[in-house]
Amino acid sequence: MHEGEFAIPSRLEEMAKAEQIVLGTLERLGYDETAAFALRLALQEALSNAIVHGNESRPERFVSVSYRADAARIVIEIEDEGIGFDPAAVPDPTREENLRIPSGRGIALMRAFMTGVEFTPPCNRVRMVYERAKRTKQA
Amino acid sequence: MTSTASRLRVSERNGVTCIGFIDRNILDEANIQRIGDELSRVVEGLVQPKMLISFSNVDHLSSAALGTLITINNKIRAKDGQLRLAEIDSQIQEVFAITKLDRVFQIHDSVDQALASFS
């Protein structure tokens, strides 16, 4: 089992550091390119949401990241210091009337590329699970 | 004629402005902002833009990059222009399919196919 936890300040340029740590773990465990693509995308979206929306890009606020990974699955939890949000209130970006709106696709992509995505009320914490056997090839 | 802007390769073929990306990963928001600004300047300099964006060099993109593409597409449509996307990696194609943006953008396998599709 590989596991770790760390925190980054709420600056977008700090995201690369978090990605390096988590993706480096995946590489050591032999996860393939499909997994790396999915995890990089989901991490990018979750961290960006936490920094920009959760912590309102205030650098004195931190985003906490923890992960546990083995050869079969990886679980990543990301928590910001914001007040949370209502995931059900996020408009479906795939509805015809929303297709030409530039924002609002991050959570949909996280759900599509991860095996599971759960928000813990008040939803300033997200838990993402990637199960290798179920996601070796995207549907 | 070929010129290199900071994050884009810009050239012209048969009246079509062809764009390529220098970066393999279009994830970082600051970088995406720069790409968006550069694309906007290109569109603003054209009367009725015909633009082709190639993703041949791109391995990753994020929802912020999709947002920039939508903004550019909206600006091109406002000028009665046309936008085509080409040479998109299969995993990135999936991102377009999941978000149903493959219904918003005209996506072609090759640059030649995309060029032939302009009216």
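Numbered from 1 within each chain, the chains take letters A, B, ... in sequence-line order. It should be emphasised that the depicted structure is a prediction, and the values quoted were computed from it without experimental measurement.
- For B/D59, the part sitting under 4.5 Å from any heavy atom of chain A is the backbone (N, CA, C, O) and nothing else.
- Linking Ile, Leu, Val, Met, Phe, Trp and Tyr whenever their side-chain heavy atoms come within less than 4.5 Å leaves B/V16 and B/F105 in two separate clusters.
- No more than 12 heavy atoms of other residues, nucleotides or ligands shown are found within 6.0 angstrom of CZ on A/R95.
- Of the two parts of B/L69, neither the backbone nor the side chain holds a non-hydrogen atom closer than 4.5 Å to a non-hydrogen atom of chain A.
- For the residue pair B/N74 and A/R100, the shortest heavy atom distance occurs at ND2-O, 3.2 Å.
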As a quick check of understanding, evaluate side chain to side chain contact (heavy atoms under 4.5 Å, CB included) for B/Q91 and A/L41, giving each step before the final call. CA-CA 11 Å; B/Q91 287 183 301; A/L41 182 61; over 6 Å; no
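- Residues passing the ring-ring contact (aromatic ring centres under 6.0 Å, His included) test with B/H60, sequence neighbours excluded: A/F37.
- Here the straight-line distance linking atom CG of A/D92 with atom NZ of B/K100 works out to 7.0 Å at 0.5 Å rounding.
- Summarising the geometry of A/L99 relative to B/I70, their closest heavy-atom pair is O-CD1, 3.8 Å, with the distance given to 0.1 Å.
- In this structure, B/L66 and A/R105 approach most closely via the heavy-atom pair CD1-CD, 4.1 Å.
- Expressed to the nearest 0.5 Å, how far OG of B/S63 lies from CG of A/N49 amounts to 7.0 Å.
- Residues satisfying the salt bridge (charged side-chain N to carboxylate O under 4.0 Å, His left out) criterion with A/D70, sequence neighbours excluded, are absent altogether.
- Taking a 6.0 Å sphere around CD of A/E13, one finds it holds more than 12 heavy atoms contributed by other residues, nucleotides or ligands.
- The number of heavy-atom neighbours closer than 6.0 Å to CD of A/E5, taken from other residues, nucleotides and ligands shown, is 12 or below.
- Distance CD/A/Q44 to CD1/B/I26: 12.0 Å, rounded to 0.5 Å.
- Only the side chain of A/R40 comes within contact range of chain B, with heavy atoms under 4.5 Å apart.
- Counting non-hydrogen atoms of other residues, nucleotides and ligands closer than 6.0 Å to CD of A/E60 gives a total above 12.
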